[in-house]
Amino acid sequence: MLDIQLLRANPAQVAARLATRGVALDAAAFEVLEAERKTLQTRTQELQAKRNSLSKQVGMLKGKGEDASAVLSEVAGIGDELKANEEKLAVLQERYNAFVAVIPNLPHESVPVGRDETGNVEILRWGTPRSFGFAAKDHVELGERLGGLDFETAVKISGSRFSLMKGGIARLHRALAQFMLDTHTGEHGYTEVYVPYLVNPDSMFGTGQLPKFEEDLFRVPRADGSQLYLIPTAEVPVTNIVRGEIVDLAKLPLKFVCHTPCFRSEAGSYGKDTRGMIRQHQFDKVELVQIVHPEKSWEALEDLTGHAEAILKKLELPYRKVALCTGDMGFSAAKTYDLEVWLPAQNTYREISSCSNFEAFQARRMQARFRNEKNKPELAHTLNGSGLAVGRTLVAILENYQNADGTVTLPDALRPWLGGLERLAPEA
RNA sequence: GGAGAAGUGGCCGAGUGGUCGAAGGCACUCCCCUGCUAAGGGAGCAUACGGGCACAAACCUGUAUCGAGGGUUCGAAUCCCUCCUUCUCCGCCA
């Protein structure tokens with residue numbers, strides 16, 4: 001959520017910055033709403049103050065055993081107007097909140113301005129895409145030949161956009177997640193957490209998935225009429241660890257790493273990436289989350305992105321780092337770096353990690369605070385990034401490490417997690 | 001799933017209709033005192049939002065908040081209803 005003070009003080013300026021994201025803020029409509037709110041709230045509070053002080057008088061008179069009927073009849077006179085005002089204010093407040101809740105974060109000044117992904121700016125490339133002496137196969141073909149990727153059976157069990165892994169590929173998938181977790185806990189100072197995969201609406205609101213993006217989520221209705229949602233990323237449960245909390249200054253930064261499945265309905269992406277494991281309803285991801293002092297969040301974004309890059313480097317997968325432009329960033333982000341891994345079969349770089357600083361946007365929605373140097377509660381800054389998407393990492397390894405005979409040599413860095421497995425080959 | 005008990009500020013804890021946003025204690029901050037010692041004295045110390053206010057801080061003032069939501073009342077931490085959570089016992093179960 002944006003700082004409401006900023007929006008009140010400078011609606012035009014906020015609108016201009018949002019316009020760079022392609023979002024039209026109706027500043028005029030907001031100002032009408034704001035004016036209405038101000039009048040109504042002031043009036044309501046006046047009436048409440050009057051009622052409170054008169055009621056206090058009643059108490060004092062009765063305490064002394066005196067007659068309070070004059071005061072009682074005076075207070076009775078404001079009852080109707082007060083009630084009407086309170087009801088109107090509640091309705092207005094709801095409209096007001098709904099208006100503010102769907103406004104995305106303001107882009108940081110360093111974010112390149114652009115309409116869509118074509119406006120993104122490449123920051124660096126690492127590694128050199130390998131040249132194959134043969135026609136490189138894609139992961140679907142490789143996986144099916146190896147007998148470890150079975151999309152047909154997944155379709156039978158669940159439907160399209162699900163996958164089923166077996167044998168060495170399933171083992172590789174598990175090893176990747178373990179390798180990432182162990183690297184981030186052992187080398188980057190993160191604390192491993194295990195979290196619920198179903199979360200309540202408040203948590204989804206806190207990180208910004210609700211109210212605007214419900215159609216991207218899997219919703220689970222319950223018998224009592226309430227609902228839970230399957231997490232689209234570990235960011236949701238992990239960041240919400242600090243929802244409504246006031247953390248001691250000395251505890252910052254909080255750094256969590258978490259491996260979970262992620263569930264996305266992928267509404268509106270029909271026909272996109274339908275082949276293979278690139279875009280699934282369910283995929284595993286190792287997520288990095290940091291809760292930091294506001295003065296440290298930009299430094300933390302660079303660190304966190306570096307932690308995700310370290311995984312790609314250890315796996316020796318060529319990648320590039322891209323700064324997303326204003327028009328391509330997610331709802332809650334102030335700035336985002338995408339890491340894109342080289343996929344030889346597609347002859348292109350594909351997103352494998354997204355690292356963002358949300359500044360106080362999420363913290364304000366979830367009232368995640370810390371006690372600052374003056375001992376006062378202050379909103380923290382939150383960040384997260386994939387470190388990495390496990391399924392896409394698996395795809396990248398299959399494709400980049402494939403041999404002419406269709407076998408796949410596994411990266412050295414993964415050996416300790418593979419129980420002696422060095423190569424994927426078709427089962428006899 | 002059944003029976004019972006309970007949810008109050010950073011923490012502990014008092015408060016069963018009226019100057020209660022809430023005693024007291026701990027922790028914390030500042031000041032004083034003390035030649036050392038987890039000693040003593042004083043003051044301050046919840047959050048959100050609004051108004052004063054034209055930007056910020058400070059300050060003053062108001063409103064709301066005692067698990068959440070609704071209700072009764074001139075007035076609710078206190079009474080009523082619904083829900084949530086925790087604890088104890090029973091049942092069931094990875």
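Naming convention: chains lettered A, B, ... in sequence-line order (proteins, then strands); numbering from 1 in each chain. Source: prediction; values computed, not measured. Note: hydrogens, waters and symmetry copies are ignored here, and every other heavy atom, side chains too, is used.
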Considering only the [atom1] atoms, how many Å lie between [N] and [M], rounded to the nearest integer?
| N | M | atom1 | result |
| --- | --- | --- | --- |
| rC79(B) | rA5(B) | P | 14 Å |
| rA14(B) | rG21(B) | C1' | 15 Å |
| rA58(B) | rG52(B) | C1' | 14 Å |
| rU86(B) | rA64(B) | C1' | 27 Å |
| rG41(B) | rG25(B) | P | 11 Å |
| rG91(B) | rC81(B) | C1' | 29 Å |
| rU78(B) | rU65(B) | P | 10 Å |
| rA46(B) | rG9(B) | P | 13 Å |

Residue-phosphate contact under 4.0 Å: Arg371(A) side-chain N/O, rA46(B) OP1/OP2: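 No, no such contact exists.
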
Look at Lys376(A) and rG44(B) and indicate whether a side-chain polar atom (N or O) is within less than 4.0 Å of OP1 or OP2.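 No, because none of the side-chain N or O atoms of Lys376(A) sits under 4.0 Å from OP1 or OP2 of rG44(B).
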
What is the distance from [atom1] of [X] to [atom2] of [N], rounded to the nearest Å?
| X | N | atom1 | atom2 | value |
| --- | --- | --- | --- | --- |
| Asn52(A) | rA22(B) | CG | P | 13 Å |
| Leu47(A) | rC74(B) | CG | C1' | 14 Å |
| Ile4(A) | rG51(B) | CD1 | P | 11 Å |
| Phe370(A) | rC28(B) | CZ | P | 20 Å |
| Gln48(A) | rG51(B) | CD | P | 15 Å |
| Leu40(A) | rG51(B) | CG | P | 13 Å |
| Gln5(A) | rA57(B) | CD | C1' | 14 Å |
| Gln57(A) | rG75(B) | CD | P | 15 Å |

Are [X] and [Y] close enough that their ring centers fall under 6.0 Å?
| X | Y | value |
| --- | --- | --- |
| His259(A) | Tyr194(A) | no |
| Phe218(A) | Tyr229(A) | no |
| Trp298(A) | His108(A) | yes |

Select base, sugar-phosphate, or nothing to describe what [X] touches, counting heavy atoms under 4.0 Å on all strands.
| X | result |
| --- | --- |
| Ala76(A) | nothing |
| Asp248(A) | nothing |
| Arg369(A) | sugar-phosphate |
| Leu72(A) | base |

Using the side-chain heavy atoms of [X], tell me which of these nucleotides is nearest: [options].
| X | options | result |
| --- | --- | --- |
| Arg37(A) | rG51(B), rA64(B), rG18(B) | rG51(B) |
| Gln41(A) | rC74(B), rU19(B), rC49(B) | rC49(B) |
| Lys56(A) | rA64(B), rG18(B), rU19(B) | rU19(B) |
| Lys38(A) | rU63(B), rG51(B), rG18(B) | rG51(B) |

For RNA chain B, what string of dots and brackets results from 5' to 3' when Watson-Crick and G-U pairs need both distances under 3.5 Å, crossing pairs get [ ], and pairs with another strand get |? ((((((((.[[[..)..(.....]]].(((((.......))))).(((((((......))))))).[[[[[..)....]]]]])))))))....

Would you say [Y] and [X] are linked by a side-chain donor-acceptor pair, where the criterion is simply a distance under 3.5 Å?
| X | Y | result |
| --- | --- | --- |
| His293(A) | Glu373(A) | yes |
| Glu214(A) | Gln209(A) | no |
| Gln280(A) | Ser163(A) | yes |

Starting at the 5' end of RNA chain B, which residue's closest nucleotide do you reach first, Gln45(A) or Glu34(A)?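 Residue closer to the 5' terminus by nearest nucleotide: Glu34(A).
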
Pairwise 5' ranking along RNA chain B for Pro377(A) and Val75(A), keeping only the more 5' one: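 Taking each residue's closest nucleotide, the earlier one in sequence belongs to Pro377(A).
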
Basic-acidic side-chain contact under 4.0 Å: Asp328(A), Arg21(A):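 Not counted as a salt bridge, because no side-chain N and carboxylate O are separated by less than 4.0 Å.
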
So which of His173(A), Met180(A), Arg174(A) actually passes side chain to side chain contact (heavy atoms under 4.5 Å, CB included) with Asp284(A)?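 Considering His173(A), Met180(A), Arg174(A), a side chain to side chain contact (heavy atoms under 4.5 Å, CB included) with Asp284(A) is found only for His173(A).
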
Parallel, tilted or perpendicular: which describes the rings of Phe162(A) and His281(A), with under 30° parallel and over 60° perpendicular?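 The rings of Phe162(A) and His281(A) sit tilted, inter-plane angle from 30° to 60°.
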
